[in-house]
Each structure stands twice: as structure tokens, then as C-alpha cells.
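Below is one structure; the comments refer to it alone.
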Amino acid sequence: MTIGLTHVLVLSCVLAVGGILTILLKRNAIGILVGVELILNAAALNFVAAGRFPPAGRPPVLDGDVAAMFLIFIAAAEAAVALAVFLSFYNNHSSVDVESGSLLKESQANATD
Amino acid sequence: MTALAFYFLAGVTLASVGCVVFCKSIVRVCMGLLGALLAVAGLFLLMNAELLAAIQILIYAGGTLILIIFGVMLSRDSPMHRIPSHKSDFRWAIIICGIILPALILSVVMLGKSSESPPTVAPGLIAPSPALPSEQDNRTIGKLLVVDYLVAFELAGVLLLVVMIGAAYLARGPNFKSIKTPAPAGGRGSP
């Protein structure tokens with residue numbers, strides 16, 4: 001049995017749903033970021049597989065690789081900004097529990113107390 | 001052989017995703033992410049995308065994951081500290097994913113069945129495709145980057161610069177003192 005596009009797509013479905021589950025379950029902000037990274041990785045896998053397994057009768061193309069490369073760049077940028085926001089949040093709330101950030105005003109209330 | 005390698009990598013990916021989803025300790029979650037990233041890099045290798053596998057390991061596993069672990073270390077008194085999730089969160093998550101996952105897999109399988117009149121055999125997985133020799137891949141990707149996708153490439157560079165400045169500004173500590181040059185006596189705009 002040969003491995004085709006469908007096998008890779010099913011695997012990336014599982015990866016993406018694992019990411020969604022992580023985002024829904026974790027209350028730690030860094031855990032949520034990890035879930036986002038899983039989803040982005042599933043997208044990169046889809047891009048590469050779509051380029052490398054062309055429809056019958058066509059040569060494979062490398063545009064999917066380039067798209068996946070851009071996706072990795074953007075994921076790195078997103079992680080950097082998200083972690084900077086988390087550090088700023090931690091400085092205000094002494095926690096990265098997302099439920100402690102339900103009110104934006106809370107940090108000012110804490111500062112005045 | 002490639003099928004065996006694929007199923008092995010798929011198993012590693014699934015185990016890592018399970019670790020990410022169900023582990024409570026944030027450090028174990030990060031290690032699970034590392035396993036998933038390395039397994040996906042192995043899948044890239046299996047699809048003959050060597051350059052992308054190297055980029056995945058260097059930037060993702062070597063850069064982004066280290067950044068996340070630094071975030072864990074900087075934002076915790078004890079790295080093993082746990083934030084438990086609610087039971088109601090768990091129930092809703094299971095319901096939502098129980099709908100999404102079968103729908104996604106069903107659509108993918110139906111798409112595969114409808115589109116492959118001859119089975120879509122991977123040229124890359126069986127042997128390097130004659131139309132696309134593996135050693136020419138990198139050259140082709142380089143040409144694509146600076147010819148077809150030049151604007152996106154430049155925009156990615158600008159994005160990374162902006163992100164670097166913005167992240168450094170956002171992550172400044174509470175005791176950060178901004179370095180300001182003393183304002184001239186006449187205020188802004190005076191000659």
C-alpha cells in the first residue's frame with residue numbers, strides 16, 4: 001500500500017484538531033501558544049503534501065514548499081510577539097493564567113491597591 | 001519501507017500530540033511540541049523536502065521552541081507549576097473536537113476518493129521524481145523565492161524586523177526606564 005496525499009492530510013487533520021483541543025483545554029497562555037503552533041504546523045504539512053503529490057499527470061511543484069517556508073517564518077514572528085505579550089501580562093498579573101486577564105482594568109486596580 | 005517510515009512518524013506525531021493535549025505540566029507540553037515538530041520534519045524528509053526539514057528543525061525546534069521555553073522559565077516561580085483546566089472546559093472541548101475531527105477526516109477521504117482516478121502515487125515517496133531531481137529542488141526554491149515570491153519574501157523580512165522591535169518594546173520589565181534625550185528648552189519643533 002503506497003502512501004498518498006490522503007494519508008498525509010488525515011495526519012495533519014489529527015495534528016490540527018490536537019491543536020484546537022490544546023487551545024480549548026489549556027488555561028496557561030503558553031499552552032495555548034503551543035496549540036497554535038501545532039495548528040500552523042499542520043498547515044505547513046498540508047502545503048508541502050499538496051505540492052509534492054500533484055494530481056495525476058502533472059509534475060510536482062515546489063510552491064507548497066515556499067508557502068510552508070513563509071508559514072514557518074510567520075509562526076516564529078507570532079511566537080515572539082505572543083511571548084512578549086505574555087511577559088508583559090505576567091509583570092502585571094504575576095500569572096499567565098488566561099482567566100486572570102478577563103478584565104483589562106484589573107491590572108490598574110492591582111496597581112492602585 | 002516508506003509506508004513503514006510514514007506510519008512510524010505518524011505514531012510519533014500522535015503520541016506527541018497526546019502528550020501536548022493531556023499533560024498538565026507546561027514543560028511536558030513543550031517537550032511534546034518538540035516531538036511533534038521533529039516528527040513533522042521527518043515527514044518532510046520522507047516527502048523529499050530536505051531544505052524544509054532543515055528549516056523546520058533550525059527555526060521551529062531550535063528557535064521558536066527555545067523561545068517558548070524561555071517564556072516558561074521567565075514567567076514561573078517553578079517550571080512545574082500547573083494550571084488545572086475546568087471539567088466543563090473538558091466536556092466542551094471533547095464535544096467540539098468530536099464534531100470537527102470526523103468531519104475533517106471524512107471530507108479528506110471523500111476528496112481523495114473522488115479525485116484519484118489513478119491512485120495518486122507519490123513520485124517523491126517511491127523514488128525521486130524524474131521531472132524534479134532532488135538536488136535541483138533547492139535551486140528551484142531559491143529561484144521561486146527571489147523571482148515569483150519576491151514581494152512576499154521582502155514583506156517577510158520587514159515583518160521580522162517589526163516583530164523584533166515590537167517584541168523588545170512589549171517585553172520590557174516593570175522597572176524599565178526609557179532612555180530619553182532631555183527635551184530641548186523650547187519643546188518640540190523648536191529649531
Side-chain angles (χ1 to χ4, degrees), chain A residues 1-11 13-18 20-22 24-28 30-31 33-35 37-38 41 44-45 48-49 52-56 59-60 62-63 65-66 68-70 72-77 79-81 83-88 90-91 96-97, chain B residues 2-3 6 10 13 17 20-21 26 29 33 36 40 43-44 47 49 52 55 59-60 63-64 67-68 71-72 74-75 83 85 89-90 93 97 100-101 104-105 108-109 112 118-125 129 131-132 137 140-141 144-145 149 152 156 159-160 163 166-167 170-171 173-174:
Chain A
M1 183 172 179
T2 53
I3 303 297
L5 178 61
T6 307
H7 295 74
V8 185
L9 288 188
V10 168
L11 182 63
C13 283
V14 176
L15 209 57
V17 171
I20 295 174
L21 207 54
T22 310
L24 290 175
L25 281 179
K26 297 274 184 272
R27 280 170 54 206
N28 190 329
I30 296 174
L33 178 63
V34 169
E37 299 292 334
L38 277 184
N41 225 295
L45 193 58
V48 177
R52 297 276 170 167
F53 297 90
L62 288 173
D63 296 53
D65 285 29
V66 177
M69 209 180 288
F70 284 126
I72 290 175
F73 295 160
I74 289 173
V81 172
L83 283 168
V85 170
F86 294 162
L87 285 186
S88 180
Y90 181 73
N91 287 333
V96 284
D97 186 344
Chain B
T2 49
F6 175 81
T13 311
V17 169
V20 168
V21 172
I26 190 67
V29 168
L33 179 65
V40 171
L43 284 172
F44 287 160
M47 289 190 277
L52 209 55
I55 288 179
I59 297 185
Y60 239 128
T64 307
L67 202 62
I68 290 177
V72 172
L74 286 174
S75 64
I83 298 178
S85 50
D89 282 357
F90 200 75
C97 292
I100 293 178
L101 182 62
L104 273 180
I105 289 182
V108 163
V109 170
T120 51
V121 174
L125 279 187
S129 153
L132 199 69
D137 278 9
T140 316
I141 287 178
L144 276 177
L145 270 182
Y149 294 95
L159 174 78
L160 288 177
V163 159
L170 276 176

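Here is the naming used below: chain letters follow the sequence lines, and residue numbers restart at 1 for every chain.
- Note: A:I72 leads A:I72, A:L15, A:L33 in heavy-atom pairs under 4.5 Å with chain B.
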- Item | Verdict with reasoning, B:L145 to A:F70, per side-chain contact (heavy atoms from CB on, under 4.5 Å) | CA-CA 10 Å; B:L145 270 182; A:F70 284 126; 3.7 Å; yes
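- With sequence neighbours excluded, the residues that form a side-chain contact (heavy atoms from CB on, under 4.5 Å) with B:L159 are A:I74, A:A77, B:V163.
- Across all their heavy atoms, A:V48 and B:F44 have their closest contact at CG2-CE2, 3.6 Å.
- In this structure the side chain of A:D63 reaches within 4.5 angstrom of the side chain of B:Y149, judged on heavy atoms.
- The CG atom of A:N91 sits 11.0 Å away from the CG atom of B:L170 when rounded to the nearest 0.5 Å.
- Judged as a side-chain contact (heavy atoms from CB on, under 4.5 Å), and not counting sequence neighbours, the contacts of A:V14 are B:L14, B:L101, B:I105.
- The two residues B:L67 and A:A79 have their closest heavy-atom pair at CD2-C, 4.1 Å.
- Chosen from A:A75, A:G18, A:C13, the residue pairing most often with chain B at heavy-atom distances under 4.5 Å is A:C13.
- Per-residue heavy-atom pair counts under 4.5 Å with chain A were compared for B:A49, B:A10, B:A156, and the maximum is reached by B:A49.
- Proximity of a side-chain donor or acceptor of A:K26 to a complementary backbone N or O of B:V20 within less than 3.5 Å is detected.
- In terms of non-hydrogen atom pairs under 4.5 Å with chain A, the most contact-rich of B:I55, B:L33, B:V17, B:T13 is B:L33.
- Proximity to chain B (any heavy atom under 4.5 Å) is shown, for A:A49, by both the backbone and the side chain.
- Contact count against chain B (heavy-atom pairs under 4.5 Å) is highest for A:A84 among A:A44, A:A84, A:A76.
- In terms of heavy-atom pairs under 4.5 angstrom with chain B, the leader among A:I30, A:V10, A:L87, A:L9 is A:I30.
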- A:L11 and B:L43: side-chain contact (heavy atoms from CB on, under 4.5 Å), yes or no, with the steps? CA-CA 10 Å; A:L11 182 63; B:L43 284 172; 3.3 Å; yes
- Message: side-chain contact (heavy atoms from CB on, under 4.5 Å), that's the test. Do B:M47 and A:D65 meet it? Break it down for me.
- Response: CA-CA 11 Å; B:M47 289 190 277; A:D65 285 29; over 6 Å; no
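- If you measure heavy-atom distances from B:L144 to chain A, the contacts under 4.5 Å come from the side chain alone.
- At a 4.5 Å heavy-atom cutoff, the contact between A:L21 and chain B is made by backbone and side-chain atoms alike.
- Of the listed residues (A:A80, A:G35, A:G31), the one with the most heavy-atom contacts under 4.5 Å to chain B is A:A80.
- Rounded to the nearest 0.5 Å, atoms CD1 (B:I100) and CD1 (A:I20) are 4.0 Å apart.
- Atom CG of B:L160 and atom CZ of A:F73 lie 7.5 Å apart (nearest 0.5 Å).
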